[in-house]
2 protein chains.
Amino acid sequence: MNSHGGAPSRGKPATLRQVAELAGVSTATASKALNGRQQVSATTRQRVLDAADRLSFTPNSLAQAMLHGSSGTVGLLTHDLEGRFSIPILMGAEDAFGAGQTSVFLCDSREDAIRERHHIRALLGRRVDGLIVVGSQTNPRRSLGHDLPVPVVYVYAPSSDERDTSVIADNVAAGRLAVQHLVGIGRRRIAHIAGDPTYAAARDREAGIGAALADAGLTQVGPSRSGSWSEAWGRTGAHAVLEAGEPVDAIVCDSDQIARGALDLLRDRGVRVPGDIAVISFDNWGPFATGSRPQLTSIDFNFQQMGRRAAELIFAALAGEPAAGTQAIAPRLVIRGSTTVGA
Amino acid sequence: MNSHGGAPSRGKPATLRQVAELAGVSTATASKALNGRQQVSATTRQRVLDAADRLSFTPNSLAQAMLHGSSGTVGLLTHDLEGRFSIPILMGAEDAFGAGQTSVFLCDSREDAIRERHHIRALLGRRVDGLIVVGSQTNPRRSLGHDLPVPVVYVYAPSSDERDTSVIADNVAAGRLAVQHLVGIGRRRIAHIAGDPTYAAARDREAGIGAALADAGLTQVGPSRSGSWSEAWGRTGAHAVLEAGEPVDAIVCDSDQIARGALDLLRDRGVRVPGDIAVISFDNWGPFATGSRPQLTSIDFNFQQMGRRAAELIFAALAGEPAAGTQAIAPRLVIRGSTTVGA
DNA sequence: TAGGGTACCGAAAAGGGTTTCGGTCCTTTC
DNA sequence: GAAAGGACCGAAACCCTTTTCGGTACCCTA
């Protein structure tokens, strides 16, 4: 770690006192020298810097935190077992906080309320400056309450309490975006294989799809068929769409996994994609979207941006400008082979 | 947070001093009362507890850490963008540390050495008790060096320095396990579609497969065909296996994604799985392994257990019993429909 | 009633860093 | 030569909790 080696640095890390002693000054002077304050002569400063380097001195953030009043840490609470959302969101937050400035505690509550409370206690004990709560469903989740001493931002799954601050994916816009793309490439007979109808995500996407179809003067082919988020349902749903007999030239699938299932069945039936039927889906989950034949055009929900926004909202709240309510992050269309031949 | 509400708890969290003041005792007594020490009368203790509850008091772990000398935190360094490994490993570590006892800082270095150094500086500044370094490849990675003041454990990707402590997946055992299962269900003509040959994982699995075949007195059908970790390669590889002309009744695929590609092609060619050819793969990546038709029999590398072991090794090192060298975690066979009809 | 014992409580220091404020020493100017 | 000013440095307080150790008050016994 230290640039020009030779330091012992075994055992306990060096303290400012040791640096000061080695440099032959007081801790006050050493502190000022290291922090670029103006009360130190150039020669003294250099002596301190050399001493700090020799000892591989790293200021103890715990002590700094106690003085400054803020710890420079944030807690990220999740119960997302697969880590599908949490990692991108965490990376976005890291970006916004500035790497090295703020560190993030990641805790997985595993859908367990007791474990969650446990983690919150621990995080508050460590005096985190804020809390980011990531849900794995889009459904609103129970609020942590308002008696917490730090700002809380809910991400992906909004808080059921409107007075809280939430950042969510804009599923309605995503639904519109999907249909607009299909219409843009000339499709007119659009069907929809939905996910689990108990999820707000499924309902919102359906609403967006309906609105965009209406805007284009079109009517959806068949009902939105609800099922689960699985590939198996994608196969079943696509089967139902074909069996209904109505001609179809595009299918919107509520997730990449559903789309994979649908592609699978269409291939079995000899239906060409995108020639006969274009397929578009949501999530843009890397390996799923790019592993298929053809690759999936998909709507990306910009998780990283959601994390960034969450961090910004925590900053704002700390600065005394809380922003209650729910903010939606705009999704992004990623075009691949399942809707266009060229791509 | 506080059980019977009514507390203000806005602004800065309460301090022990405030609790003591409210209870009419000194901070020393308050501390003893809250920590169950024996130097306090029952009535005084109760008064302190009531005061603490009224103020939603949470002891400041930062101050405790400064006294105790250890922060009760651990840094987990990753550059695993998809979070495929990191989250299970983190959960395993949480388990071993005991939820609430130890909190984990998660940092993503994004394959960037500068960012990595940055994060390490920050973590050491926060006086983490240990460091867990998770690699996304199985290839050995550059050591962080030995001049760090805390124990370091490398997970998944071992350190290239033998004096470091590493926990890795046992890819050789995994290869053996796959073949043993196939042999156990009566397969004798086994082919292998390998992953990227620059990965140690691919080489080790190949070694394990070879060893188990030899043990069973069998010879592999065709060479191990190397490619990438993608579904596309799985299709290409399976095509090559069929085109080679030699009869085959089982294929080992180096990842679930490769297996998905292989399944895809076999289905195109009208080959029945597992009737004509059984397929087995590695990783047991949930949605990939269970989304296919049939579902994939796969070797699970027990990431969670790797995290647990890493935590234990850090504990041991802190207790003065460092365990240099590399430890391999035994994999686990998960049987599904791609090798057995019943399952 | 005095002495010893016990139970309980509080003052103080420690842990590492930052900041304020007072002090020292050197330089400059009249 | 003396006073004023400036540049630099250090003592001490502070953040919050824990722990040691000394002290007080009370009770019991002789």
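By convention in this document, chain letters (A, B, ...) are assigned in the order of the sequence lines, proteins followed by strands, and residues within each chain are numbered from 1.
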* Asked: Do A:Ser143 and A:Asp161 have a side chain donor and acceptor closer than 3.5 Å?
  -> no

* Looking only at side-chain N and O atoms, does B:Ser26 come under 4.0 Å of OP1 or OP2 in C:dG10? -> yes

* Using a strict cut-off of less than 4.0 Å between a Lys/Arg side-chain nitrogen and an Asp/Glu carboxylate oxygen, indicate whether B:Asp95 and A:Arg110 qualify as a salt bridge. => yes

* Does the B:Asp129 side chain pair with the main chain of B:Val74, one donor and one acceptor, at a distance under 3.5 Å? -> no

* Structure fact -> Per atom distances to the A:Phe57 side chain, the nearest of C:dA11, C:dG17, D:dA12 is C:dG17

* Name the closest nucleotide to the A:Leu67 side chain, picking from D:dG10, D:dT18, C:dG17. => C:dG17

* Toward the 5' end of DNA chain C, by each residue's nearest nucleotide, B:Val25 or A:Thr27 -> B:Val25

* Does a side chain donor of either B:Asp50 or B:Gln46 reach within less than 3.5 Å of an acceptor in the other side chain? -> yes

* Please work out which residues in residues 31-46 of chain A have a non-hydrogen atom less than 4.0 Å from an atom of DNA chain C and list them by number. => A:Ser31, A:Asn35, A:Arg37

* Taking NZ, NE, NH1 and NH2 as the nitrogens, is one of them in A:Arg115 or B:Glu94 under 4.0 Å from a carboxylate oxygen of the other? -> no

* To do: Compute the bend angle of the helix from C:dT1-D:dA30 to C:dC30-D:dG1 from the end axes (five pairs per end), rounded to 10°.
  => 70°

* Asked: Has B:Gln64 got a side-chain N or O lying under 4.0 Å from the OP1 or OP2 atom of D:dC16?
  -> no

* Asked: Of the options A:Leu144, A:Thr165, A:Ile132, which is the one that meets A:Tyr154 in a side-chain contact (heavy atoms from CB on, under 4.5 Å)?
  -> A:Leu144

* Asked: Does the distance from a Lys or Arg side-chain N to an Asp or Glu carboxylate O, for B:Glu116 and B:Arg141, drop under 4.0 Å?
  -> yes

* Asked: Can you find a pair of side-chain heavy atoms, one from B:Leu77 and one from B:Leu131, that are under 4.5 Å apart?
  -> no

* Closest to the B:Thr29 side chain: C:dG16, C:dC9, C:dT20? -> C:dC9

* Are A:Arg117 and A:Asp112 within salt-bridge range, i.e. N to O under 4.0 Å? -> no

* Length of the line joining B:Arg47:CZ and C:dC8:P, which is rounded to integer Å -> 13 Å

* To do: Report the distance from atom CG of B:Leu16 to atom P of C:dG10, rounded to the nearest whole Å.
  => 12 Å

